[in-house]
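See below for the structure under consideration.
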Amino acid sequence: MTDGATGPLLLGVRHHGPGSARAVRAALDAAAPAAVLIEGPPEGDALLPLAADERMRPPVALLAHAVDDPGRASFWPMAEFSPEWVAVRWALDHGAAVRFIDLPATHTLAMAGDPTWTDGEGEGADGGEADERRHGLRVDPIAVLAGTAGYDDPERWWEDVVEHRGTGAAPNGPPATGAHNPLAVFAQLADAMAALRETYGHGGHERDLVREAHMRLQIRAARKTHGDGIAVVCGAWHVPALTTRTTVTADRALLKGLPKVKTGITWVPWTHRRLARHSGYGAGIDSPGWYGHLFGAPDRPVERWLTKVAGLLRDEGRIVSSAHVIEAVRLAGTLAAMRGRPLAGLTETIDAVRAVMCDGSDVPLDLIRDRLIIGDALGEVPDTAPAVPLQRDLTRLQRTLRLKPEAMERDLDLDLRKETDAARSLLLHRLRLLGVGWGEPAAGRAGTGTFRESWRLRWEPELHVRVAEAGVWGTTVLAAATARAESDATSATALADVTSLAERCLLAGLSDALPVVMRALADRAALDADVGHLAQALPALARSLRYGDVRSTDTAALGGVATGLALRICVGLPPACTGLDADGAAEMRGHLDAVHSAIRLLPGPADAGTGGAAGSGPQDVAGRWADALGRLAGRDTVPGVLRGRAARLLLDDGRLAEDEAARLMGLALSPGTPPAEAAAWIEGFVGGGGADPGGGMLLVHDERLLGLVDAWLTGVPAEAFTDVLPLLRRTFSAYEPGVRRTLGELVRRGPAVDGPARAEAAVPGFAAELDACRADAVLPLLRLLLGTEDTDDDELLGAGT
């Protein structure tokens, strides 16, 4: 290191180190340089004045990306306690010139995909791993120095030497005061790094040689303008190389022929959680929240930290008093003294919290580590920062819809009947289609196509790169999502992919993309003769036809395609179900249930503006589907699970009489039927595998069917019983405990196998005649649910059904 009197002031730091940041600030105050040079991409020089904007709040990062390939990007993150950020703010506050001097991003991004080069310190490339594979070693200077000092933990050594000591303090002395030299710590680090560089050379960081050559050239250029009144803030590892005497010709030779790529750069928000990942700008740090506390605490950092911990535990319902805090402070200090540390560090405070506030349990420590040691801080960037047009439109929509990006994961429930919530839903669906995964639907919280949606939101800094990548599709979220959907429709080859895309377009309200998607859908449907593929495609279309009820989306164009698919399934299903093995039959049963549910969702005769051909309207589709199920139920070449399932679906729809259902069951369970085939028929008919939890109630309310099953089961030969037992267990284990208990009681009592037939019942398990008194008792509640207090009883019952 040289001092300001004889040459540039070189301030070697550790990236994201609060002790280094304090030391840099003190050194700059003492030297008052005319210019400050900082390790970072020179393309960011024009953005440095934004750091003085009051709306700029770290952690933030410089994001550089290739203009023609936005996915190729790198980040240079800075927290409030980063020495680079402190240096930038000092220069702006004191009117000093400030510049970045590292290798330009135009080269580092171009070299990111070149295996002959290794990674620099911008986050996002994978060159560091490539370098380690090539050299087998990447020297960690902090770890080497810690090991030399007898420490087994580099973080602990750095805390003791730098973070827990004042600027310029002696190695074992008290915190520095104004009488101490603020440059002493940098001199000591420079000497240590010089010894390491003599031993290890570039230490596996091969690209550092090129980067350091560029930094030397930039320092020479700055000295021509500002003389020796300049300060250089860089990683301590580079200090020996920057003091090495080399010629301009030699440095330029190292830079000759470097690849280039057109680059864009901007500020983006960053998070503490992202800083904690071990990649990028000088490697990640384990405890950004702790480091931020050390940097911001004016005094008594341990006492203030343990007070924060106590507050968090109280908020979570744990009993923590002031006495706990006092005792934890004492214990942390005692542990530090026993371990020979100048001040209690994170390890000592964790041990004290575990013993005093958590009763020896590690469970609360996970919360402390997540909320305080790492933290969920998310930075902010002013609107004046450069951004791709798509990012500006997204920011505008986020503000309009009051949907603020947050680093902490949160749940969002939307009521699509409200204008704002509907617009939020459209935005989130459009971003998902663009590959910007800000929100993910919360499974199991709300059904697709209803008036409610649930999302799980979490904003990650990498999403800025995804937005930049999506910018090639358009300048607004709507235009980009429309163009992306049209492109995906023309390139999709599978019918199910196109139908899924149509569903996503309706969810996202992309009416302009639907014509292209529908043409692609019609083309794929006309060419695909596989019944399984058609069955996979129909449910998405049927769901889409219902979205217009809440989203005010015109779905008429889907009606004709959905009807055509349904009719083709009706024709091709019986032959496709013939001769299937057990796995094929199980898969086809899933298709059977899905298509049955989908056909129920198709618009009824009153909604028949679907554009279907004459004679193929919704009512005709339902009839054709019933005919197809009837053929399945009576065809011996169809596997038993499919025959039983077809019979059950017809029975539930009232298209199969109970006597006929009993006859089909009797045939399936006859002595001539193999036991395994009979068990498969039962599995299909009464549910099985949880697909139809109502199957058990059918047996509870129709003792004749239960009697047939019971009689067949008692007649299964002993040698075949072990073969059918797994199927039966799978079938009946899906029932609710109460249903299983009722079935057991009925079997023990003896079901009325030969009892009178109840074909007069309109619905299995219900009386033939309506009990008017019991029905009238429901009407007040039904009016309240439907909001139709003034509707008469006949109209109300019609609406309820």
Side-chain angles (χ1 to χ4, degrees), residues 1-15 17 19-21 23-24 26-28 30-31 33 36-39 83-84 87 101-103 118 120-121 131 135 137-151 154 157-158 160-163 165 167-172 180-220 222-223 228 230-248 250-251 254 281-283:
M1 188 201 77
T2 58
D3 58 36
T6 60
L9 176 63
L10 299 181
L11 305 178
V13 301
R14 187 188 189 194
H15 302 300
S20 292
V24 164
L28 293 176
V36 179
L37 308 183
I38 301 171
E39 181 185 333
E84 297 82 2
I101 61 170
D102 203 350
L103 190 66
T118 59
E121 295 191 350
D131 192 35
H135 297 277
L137 171 69
R138 283 176 61 91
V139 173
D140 180 356
I142 303 299
V144 175
L145 293 176
T148 304
Y151 284 72
W157 175 83
W158 183 261
D160 286 354
V161 173
V162 179
E163 306 304 341
R165 298 187 182 277
T167 304
N172 295 307
H180 290 88
N181 180 7
L183 306 180
V185 64
F186 297 109
Q188 295 168 4
L189 283 175
D191 292 342
M193 293 300 167
L196 291 177
R197 293 296 291 260
E198 289 178 2
T199 303
Y200 296 103
H202 60 65
H205 306 256
E206 185 175 346
R207 188 186 294 180
D208 283 353
L209 300 178
V210 178
R211 297 173 57 217
E212 289 160 355
H214 187 271
M215 285 191 272
R216 285 193 294 267
L217 291 174
Q218 296 301 305
I219 292 173
R220 290 190 184 102
R223 293 185 71 178
D228 290 335
I230 61 175
V232 180
V233 179
C234 63
W237 176 255
H238 303 301
V239 170
L242 299 186
T243 59
T244 300
R245 292 186 177 274
T246 61
T247 65
V248 173
D251 287 341
L254 288 175
Y281 201 45

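These figures come from a predicted structure and were not determined experimentally.
By the 4.5 Å heavy-atom criterion applied to side chains, Leu242 and Ile219 are counted as neighbours. Counting heavy atoms from C-beta on, the side chains of Ile230 and Val36 never come closer than 4.5 Å. For the pair Asp208/Arg211, a side-chain contact is recorded, criterion being any heavy-atom separation below 4.5 Å from C-beta on. Side-chain atoms of Pro33 and Leu9, non-hydrogen and from C-beta on, never get closer than 4.5 Å to each other. Leu11 is listed as a side-chain neighbour of Leu28, based on a closest heavy-atom distance under 4.5 Å. Taking 4.5 Å as the limit, every side-chain heavy atom of Val13 sits out of range of all side-chain heavy atoms of Cys234.
Taken from OH in Tyr151 to CD1 in Ile142, the straight-line distance is 13.0 Å, to the nearest 0.5 Å. Atom CG of residue Asp251 and atom NE2 of residue His214 lie 10.5 Å apart, to the nearest 0.5 angstrom. Rounding to the nearest 0.5 Å places CD1 of Ile101 at 7.5 Å from CD of Glu39.
With hydrogens and angles ignored, the 3.5 Å screen pairs no side-chain donor or acceptor of Glu84 with any backbone N or O of His15. Formation of a donor-acceptor pair under 3.5 Å by the Arg216 side chain with backbone atoms of Ala241 is found in this model.
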Open item on the list: Using the rule given for side-chain contact (heavy atoms from CB on, under 4.5 Å), can you reason through Leu217 versus Arg220, listing the C-alpha separation, both sets of side-chain angles and the distance that settles it, and then say yes or no?
Closed with: CA-CA 5 Å; Leu217 291 174; Arg220 290 190 184 102; 3.5 Å; yes
- [ ] Mind running side-chain contact (heavy atoms from CB on, under 4.5 Å) on Leu10 and Val233 for me, showing each step along the way?
- [x] CA-CA 6 Å; Leu10 299 181; Val233 179; over 6 Å; no
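Gly201 and Trp237 make their closest contact through O-CZ2, 3.6 Å (heavy atoms, listed as atom of the first residue, atom of the second, distance). Scanning both residues, Leu189 and Gly12, for their nearest heavy atoms gives CD1-O, 3.9 Å. Minimum interatomic distance between Arg14 and Pro83 (heavy atoms only, all atoms of both residues): O-CG, 3.5 Å. The two residues Val144 and Leu196 have their closest heavy-atom pair at CG1-CD2, 3.3 Å. A pairwise comparison of heavy atoms in Pro240 and Ala190 identifies CG-O, 4.4 Å as the closest pair. Scanning both residues, Met215 and Asp102, for their nearest heavy atoms gives CG-CA, 4.1 Å.
Salt bridge absent: Arg207 and Glu212 never bring a charged side-chain N and a carboxylate O closer than 4.0 Å.
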